[in-house]
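Every chain is numbered from 1, with letters handed out A, B, ... down the list of sequences.
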There are 2 protein chains.
Amino acid sequence: MIKMLEEKQNTEKTILEAAKEVFVEYGFDGASMQKIADRAGINKALLHYYFRSKEKLFEATFREVFYSMVPPLINTVKEEMSLEEKITIFVEKYIDTLRDNPLVPLFILHELNRNPENLPELVKESGIDPAIFFSQINSEIESGNIRPVPPHHLMINILALSVFPFVAKPIIKGLFFNRDNDEFNKFIEERKEIVTTFILNAIKKP
Amino acid sequence: MIKMLEEKQNTEKTILEAAKEVFVEYGFDGASMQKIADRAGINKALLHYYFRSKEKLFEATFREVFYSMVPPLINTVKEEMSLEEKITIFVEKYIDTLRDNPLVPLFILHELNRNPENLPELVKESGIDPAIFFSQINSEIESGNIRPVPPHHLMINILALSVFPFVAKPIIKGLFFNRDNDEFNKFIEERKEIVTTFILNAIKKP
DNA sequence: GTCTATATTGTGATAGAC
DNA sequence: GTCTATCACAATATAGAC
């Protein structure tokens with residue numbers, strides 16, 4: 001009996017792990033239950049036994065991916081840090097996370113585009129709250145410490161500069177590095193500092 | 001006879017137009033020949049008559065989308081312009097183009113990710129050549145006019161800041177604007193200037 | 001819980017009439 | 001060139017044996 005419960009836990013985890021890999025690589029429409037079953041080393045029927053439908057399996061997978069990426073990242077930034085510290089730490093950790101999960105951003109963006117109404121609930125439960133960050137930016141502007149830049153634009157700029165190379169990976173590899181992977185990885189490592197100083201130079205007063 | 005040829009031209013164009021809409025919205029895997037036929041107001045058989053397979057229809061569509069976006073954009077930047085002019089013009093025109101085709105960037109990135117080997121040929125025929133831009137950046141750096149920033153990083157930064165809001169549209173709308181479309185469009189309009197000054201401040205020497 | 005076998009629908013693709 | 005009818009297959013999903 002206990003054995004069964006343990007097996008259930010393991011099988012469910014195995015399925016979710018396989019689903020994560022396949023969905024992230026192929027997207028919802030490109031993935032098939034067969035592919036996921038193969039990847040998990042089981043058969044299709046079990047997928048339905050545990051998750052009832054492809055849709056439900058996908059939802060569970062998407063939540064997993066989203067929650068395993070976003071909250072840990074947000075927690076790297078402590079409230080008491082200076083704006084400069086926050087930006088430096090965030091860019092570095094974000095690029096590190098994406099380096100280890102390079103397909104995730106395009107996956108999330110593609111799927112949110114297919115199904116935008118899923119986002120509000122995810123955001124609410126994930127503890128994302130730009131408010132503190134925004135008021136910090138505003139007070140830095142009012143104190144005359146940095147150039148005036150609308151907080152949401154600055155936030156999008158930080159995300160854009162960090163994420164974009166990963167969603168545009170094929171273009172960058174094809175255009176700059178002749179499809180060489182090592183060169184691309186070097187490029188990504190470089191960006192931690194490049195992006196940080198780029199942002200800080202952009203907002204610092206002369 | 002002439003009538004037939006004219007009809008053939010029109011039908012082919014109609015199909016390509018419908019295919020463009022459906023593929024861009026749903027992606028290759030999410031699109032079906034049935035949807036495309038419905039959108040074009042014809043039946044599936046005709047699609048195969050004109051393009052033989054879904055794959056071939058997609059390739060034709062992708063080329064169309066790619067070539068109708070990229071070369072016109074590159075041509076807005078004239079060789080004799082100053083670096084500052086180039087960046088200003090490019091960001092403005094790029095955001096304008098994307099505003100009119102907001103789904104295209106995510107479509108291109110998603111499909112290139114599925115099929116990266118398609119890119120080299122597209123690039124070769126599209127006249128993309130970062131070399132001139134790169135040497136201009138390098139000479140500006142050597143003359144001490146701007147801060148030292150690796151040309152390919154600067155180029156990616158320009159693209160990132162312009163494109164990212166469109167691929168992250170659902171996130172931005174959901175996080176900042178409560179899913180309001182007008183607010184998002186206002187945000188996009190603002191970015192033309194925000195992004196330009198952000199970049200110029202980042203590279204200008206104090 | 002896990003498997004095999006099967007039902008059912010939707011897909012890309014073709015044949016053949018007009 | 002355009003249509004209807006149809007094929008072959010892959011997809012999600014379920015039934016039932018173990």
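- Not counting sequence neighbours, the partners of B:K35 by the side-chain contact (heavy atoms from CB on, under 4.5 Å) test are B:V22, B:Y26, B:S32.
- One finds no salt bridge joining B:K20 and B:E25 here, because no Lys/Arg side-chain nitrogen approaches an Asp/Glu carboxylate oxygen to under 4.0 Å.
- By the salt bridge (Lys or Arg N to Asp or Glu O under 4.0 Å) test, A:E140 pairs with no residue at all, sequence neighbours left out.
- Applying the salt bridge (charged side-chain N to carboxylate O under 4.0 Å, His left out) test to pairs two or more places apart or on separate chains, those with a residue in residues 61-79 of chain A are A:R63-A:E121, A:R63-A:E125.
- Note on the helix from C:dG1-D:dC18 to C:dC18-D:dG1: terminal axis deviation equals 10°, with five pairs used at each end and the result rounded to 10°.
- Atoms CZ (A:F51) and C1' (C:dT2) sit 15 Å apart, rounded to a whole Å.
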Distance-only donor-acceptor hits, side chain of residues 84-95 of chain B, under 3.5 Å, sequence neighbours excluded:
| unit_1 | atom_1 | unit_2 | atom_2 | d |
| --- | --- | --- | --- | --- |
| B:E85 | OE1 | B:S82 | N | 3.0 |
| B:K86 | NZ | B:Q136 | OE1 | 2.5 |
| B:T88 | OG1 | B:E84 | O | 2.7 |

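- Residues satisfying the side chain to side chain donor-acceptor pair (under 3.5 Å) test with B:E190, not counting sequence neighbours, are A:H153.
- Residues satisfying the side-chain contact (heavy atoms from CB on, under 4.5 Å) test with B:S135, not counting sequence neighbours, are none.
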Sequence neighbours left out, cut at 3.5 Å: what donor-acceptor pairs do the side chains of residues 161-186 of chain A make with other protein atoms?
| unit_1 | atom_1 | unit_2 | atom_2 | d |
| --- | --- | --- | --- | --- |
| A:S162 | OG | A:I158 | O | 2.9 |
| A:D180 | OD1 | A:D182 | N | 2.7 |
| A:D180 | OD1 | A:E183 | N | 2.9 |
| A:N185 | ND2 | A:N181 | O | 3.4 |

Heavy-atom protein contacts under 4.0 Å, nucleotides 3-14 of chain D, coded B base, S sugar-phosphate only, - none
BB-------BBB
